[in-house]
Protein chains: 4
Amino acid sequence: MSSFKERKIAKKKEEILRSAAAIFAEKGYHGTTMEEVAARLLMTKGSMYYYFKNKDDLLFHCHQMIMEKSIGQMEEILNSPLTWTEKLTNAIKAHVQLATSEKSMFMVMDKPNQHFTDEYLQEILASRTKYAQYFDRILLEGIRLKEFQNVDVKMVRMIILGALNWIQEWYRPEGEKSSEEISNAFSAYLLKILL
Amino acid sequence: MSSFKERKIAKKKEEILRSAAAIFAEKGYHGTTMEEVAARLLMTKGSMYYYFKNKDDLLFHCHQMIMEKSIGQMEEILNSPLTWTEKLTNAIKAHVQLATSEKSMFMVMDKPNQHFTDEYLQEILASRTKYAQYFDRILLEGIRLKEFQNVDVKMVRMIILGALNWIQEWYRPEGEKSSEEISNAFSAYLLKILL
Amino acid sequence: MSSFKERKIAKKKEEILRSAAAIFAEKGYHGTTMEEVAARLLMTKGSMYYYFKNKDDLLFHCHQMIMEKSIGQMEEILNSPLTWTEKLTNAIKAHVQLATSEKSMFMVMDKPNQHFTDEYLQEILASRTKYAQYFDRILLEGIRLKEFQNVDVKMVRMIILGALNWIQEWYRPEGEKSSEEISNAFSAYLLKILL
Amino acid sequence: MSSFKERKIAKKKEEILRSAAAIFAEKGYHGTTMEEVAARLLMTKGSMYYYFKNKDDLLFHCHQMIMEKSIGQMEEILNSPLTWTEKLTNAIKAHVQLATSEKSMFMVMDKPNQHFTDEYLQEILASRTKYAQYFDRILLEGIRLKEFQNVDVKMVRMIILGALNWIQEWYRPEGEKSSEEISNAFSAYLLKILL
DNA sequence: GATGAATGAGTTTTCATTCAT
DNA sequence: CATGAATGAAAACTCATTCAT
């Protein structure tokens with residue numbers, strides 16, 4: 001159980017993370033200075049280092065936050081009493097919702113091996129693999145139960161994830177399509193590959 | 001007509017570009033120093049500045065080289081006497097072939113607005129729009145002639161381009177799938193959205 | 001007469017000093033952070049500032065503690081009813097004992113003018129001079145009374161102090177020679193210069 | 001054979017080293033900024049990094065320069081056709097001469113394990129051991145040939161090296177004793193331990 | 001055309017110190 | 001008395017870029 005203090009710190013950390021992600025997304029990781037991140041929060045550089053030991057650390061926790069949410073959503077869906085078709089639909093919709101509502105965080109997450117080494121990288125890669133495998137599982141089970149056609153699972157998963165990971169690059173909150181519409185369109189069209 | 005000298009210079013430039021792209025792809029643009037690029041070519045930093053006036057210039061010409069090829073391929077396909085279904089199939093295959101054979105260059109090309117401003121950026125964005133519009137045209141014409149189902153063109157184009165642009169992130173020349181197999185799978189599956 | 005409270009504080013201060021000296025000795029003054037010193041004592045940085053107003057203050061009191069002991073020992077020896085030969089022998093032995101038992105503190109004490117300015121430095125330098133002069137007095141008196149040969153006092157004092165101040169650099173409590181053996185050897189050999 | 005260019009670079013490096021050592025000696029390693037070292041040479045910080053990759057590197061090369069000279073001198077002495085008594089005398093005199101003429105460099109050399117780790121440290125420690133062993137050899141051989149009394153070699157070597165290593169702390173070029181006088185006094189007095 | 005030396009602006013990071021609670 | 005959070009000044013180091021030779 002977390003104390004009041006811990007909560008307060010956690011809140012602050014998330015605030016920093018969000019602010020950092022927004023700037024990273026705009027200017028790129030290297031194009032962003034710690035100074036800027038701090039300034040936008042009306043903090044000093046020094047204070048930021050009280051909460052995060054590194055610039056890398058900042059980036060890593062952006063990854064982690066999203067990965068936890070993504071995987072959490074996915075596990076909820078997998079544990080639900082739905083058909084595999086419905087599960088895939090929901091997984092796609094959930095991803096779209098997250099990618100659009102956390103656009104900055106998602107943008108920040110690409111090319112992890114350019115930014116990380118060792119443990120951090122291992123952890124990130126492990127999470128990604130896990131996420132990919134959840135998709136594979138849906139595809140595989142759907143195929144086994146004849147809900148889906150017999151496709152090359154890896155290829156189809158790559159198509160799906162590619163389409164989903166591209167969203168954050170073009171989505172604009174003020175754009176003509178709402179995230180709701182996008183998630184409907186994406187799930188409907190991508191399902192056509194399998195049905 | 002280009003003189004011998006110009007040819008030689010062009011050759012050298014492409015050599016530099018290729019080397020630079022390979023390192024950019026591995027370590028990221030900012031993670032790469034001019035020193036490294038030069039060293040890998042057994043040149044000195046100074047010499048590189050004879051061929052490219054900037055680090056940005058290096059990156060820009062990576063973009064340009066690929067964009068020219070991509071658009072060239074696309075125009076050839078559009079000008080060919082094929083059905084729209086065949087054209088889309090070929091466009092997808094051509095993209096896959098290029099993305100796999102020029103993996104490094106493709107990797108280097110994302111998030112141009114993080115690296116460029118003004119003219120360079122305008123040019124890059126214009127090329128991208130042009131490329132996207134060629135896809136749209138295929139989709140639109142295919143729909144008009146009833147080869148394709150009546151889909152939301154923008155959404156489907158985003159799915160297709162997303163899937164294609166994700167390839168360079170996971171493709172490995174030594175991987176289990178050849179670029180040939182990938183291009184077959186991708187064109188087949190993506191077409192299912194439209195048929 | 002000191003109250004219970006004062007005693008308790010004095011105790012705590014010495015505890016802090018000892019801990020600080022140990023880390024200073026290992027990592028150097030600049031290489032040691034207040035954080036580390038505090039952490040090793042299971043305190044927080046903030047608390048330390050209750051006891052010592054400065055990092056410099058910490059270092060200064062390390063000096064002071066040793067200097068007081070050294071000079072105290074020396075004065076006791078000088079006031080004792082011994083021959084000058086015996087006094088020199090005892091002075092050397094006492095120094096060796098202190099340098100080995102308080103190795104860390106001694107290590108911390110070199111190059112005071114790199115760490116201090118003004119008053120602190122004056123005080124330290126004064127103590128050192130005093131200590132050196134005690135040695136000189138022993139030598140001078142010993143020579144006057146023909147116990148020692150007629151040597152260049154300053155040179156011989158420098159040899160003696162040099163040899164003694166080098167001990168803390170190589171002495172290891174678990175080493176082959178006990179501090180007892182070292183003090184015997186040092187006093188015996190150094191006396192040979194004078195006899 | 002070294003080219004003109006190499007010579008020029010070597011000269012520059014030594015110039016930097018000397019300047020750095022002087023400031024290190026005065027203010028301590030940590031108390032000295034790269035800026036200062038550069039400024040005193042009318043260079044910019046950046047240029048210094050062209051010649052030395054590190055602040056550590058600077059310090060290391062100070063060590064190396066002196067260690068090479070010290071060991072070189074020592075080997076010359078050992079290879080000369082002198083008695084062991086004369087060799088020890090010369091070794092002491094040579095050390096005094098170097099310690100006084102290169103006072104700054106010598107001052108910079110203490111407590112290497114506070115500044116270095118790994119390879120650098122290994123190398124430094126190896127050189128020091130080598131130097132110490134040369135002294136031991138002189139003592140041992142002198143004893144074997146009955147030139148010297150039968151002393152505890154390690155203890156006597158520690159006394160000698162301690163006395164010698166203390167010189168740089170108190171020697172002043174403008175002081176009352178010339179380095180010549182010091183070297184005569186030190187060799188004469190220290191020899192008394194052995195004769 | 002090539003090169004090596006120099007530069008300087010910029011960035012991350014560290015830490016002693018303070019102070020409200 | 002103790003503490004955790006904040007600060008700001010300083011320092012090491014990096015690198016794209018230039019330019020005389």
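Letters A, B, ... are given to chains in the order of the sequence lines, protein chains preceding strands, and every chain is numbered from 1. Small disclaimer: the values here were computed from a predicted structure and weren't measured.
Straight-line distance from the CE atom of D/M48 to the P atom of E/dG8: 15 Å, rounded to whole Å. Note: OH (B/Y29) to C1' (F/dC15) measures 12 Å, nearest angstrom. Rounding to whole angstrom units, CE of residue D/M34 and C1' of F/dA10 are separated by 15 Å. The nearest whole Å value for the distance from the CG atom in C/L58 to the P atom in E/dT17 is 10 Å. If you measure from atom CG of A/L41 to atom C1' of F/dT7, you get 16 Å, rounded to the nearest angstrom. Spacing between atom CG of D/D56 and atom C1' of F/dA12 amounts to 11 Å, rounded to whole angstrom units. If you take NZ of A/K13 and C1' of F/dG4, they are 14 Å apart, rounded to a whole angstrom. The distance between atom CD of A/E35 and atom C1' of F/dA9, rounded to the nearest whole Å, is 12 Å.
Annotation: of the two residues near DNA chain E, C/N54 and B/G46, the 5′-most nearest-nucleotide partner is B/G46. Comparing B/H30 and A/L42 by the nucleotide of DNA chain F whose heavy atom lies nearest to each, the residue mapping closer to the 5' end is A/L42. If C/I9 and A/K8 are placed on DNA chain F by their nearest nucleotide, the residue sitting closer to the 5' end is C/I9.
Among A/M105, A/K12, A/Q64, the single residue meeting the side chain to side chain contact (heavy atoms under 4.5 Å, CB included) criterion with A/L17 is A/M105.
Between D/F116 and D/H63, the distance separating the two ring centers is shorter than 6.0 angstrom.
Evaluation of atom-type donor-acceptor distances gives no pair under 3.5 Å for the side chain of A/K53 against the base of E/dT13.
Between F/dT17, E/dT3, E/dT7, one nucleotide has an atom nearer to the side chain of B/K45 than all others, and that is F/dT17. Set against E/dA16, F/dA2, F/dT7, the side chain of A/S47 has F/dT7 as its closest nucleotide. Listed nucleotides: E/dT3, E/dG1, E/dA16. Nearest to the side chain of C/T33: E/dA16. Relative to the side chain of C/Y51, the nucleotides E/dT7, F/dA2, E/dA16 differ in distance, and F/dA2 lies closest. Checking E/dT12, F/dT3, E/dG8 against the side-chain heavy atoms of A/K55 singles out E/dT12 as nearest. For A/Y49, counting side-chain heavy atoms from C-beta on, the closest listed nucleotide (E/dT14, E/dA6, E/dT17) is E/dT14.
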>> The test is side chain to side chain donor-acceptor pair (under 3.5 Å); show your working for C/Q168 and C/E102 and say whether it passes.
In response: CA-CA 9 Å; C/Q168 64 251 199; C/E102 301 276 17; over 6 Å; no
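Taking each heavy atom of C/M48 and C/L58 in turn, the nearest pair found is CE-CD2, 3.8 Å.
Summarising the base pairing, E/dT21 is matched to F/dA2 through a Watson-Crick or G-U wobble pair whose two defining distances lie under 3.5 Å.
Residue D/K12 is in sugar-phosphate contact alone, with no base atom involved, counting any heavy-atom pair closer than 4.0 Å across all strands shown.
Side chains of B/M107 and B/E26 form no contact here, defined as non-hydrogen atoms less than 4.5 Å apart.
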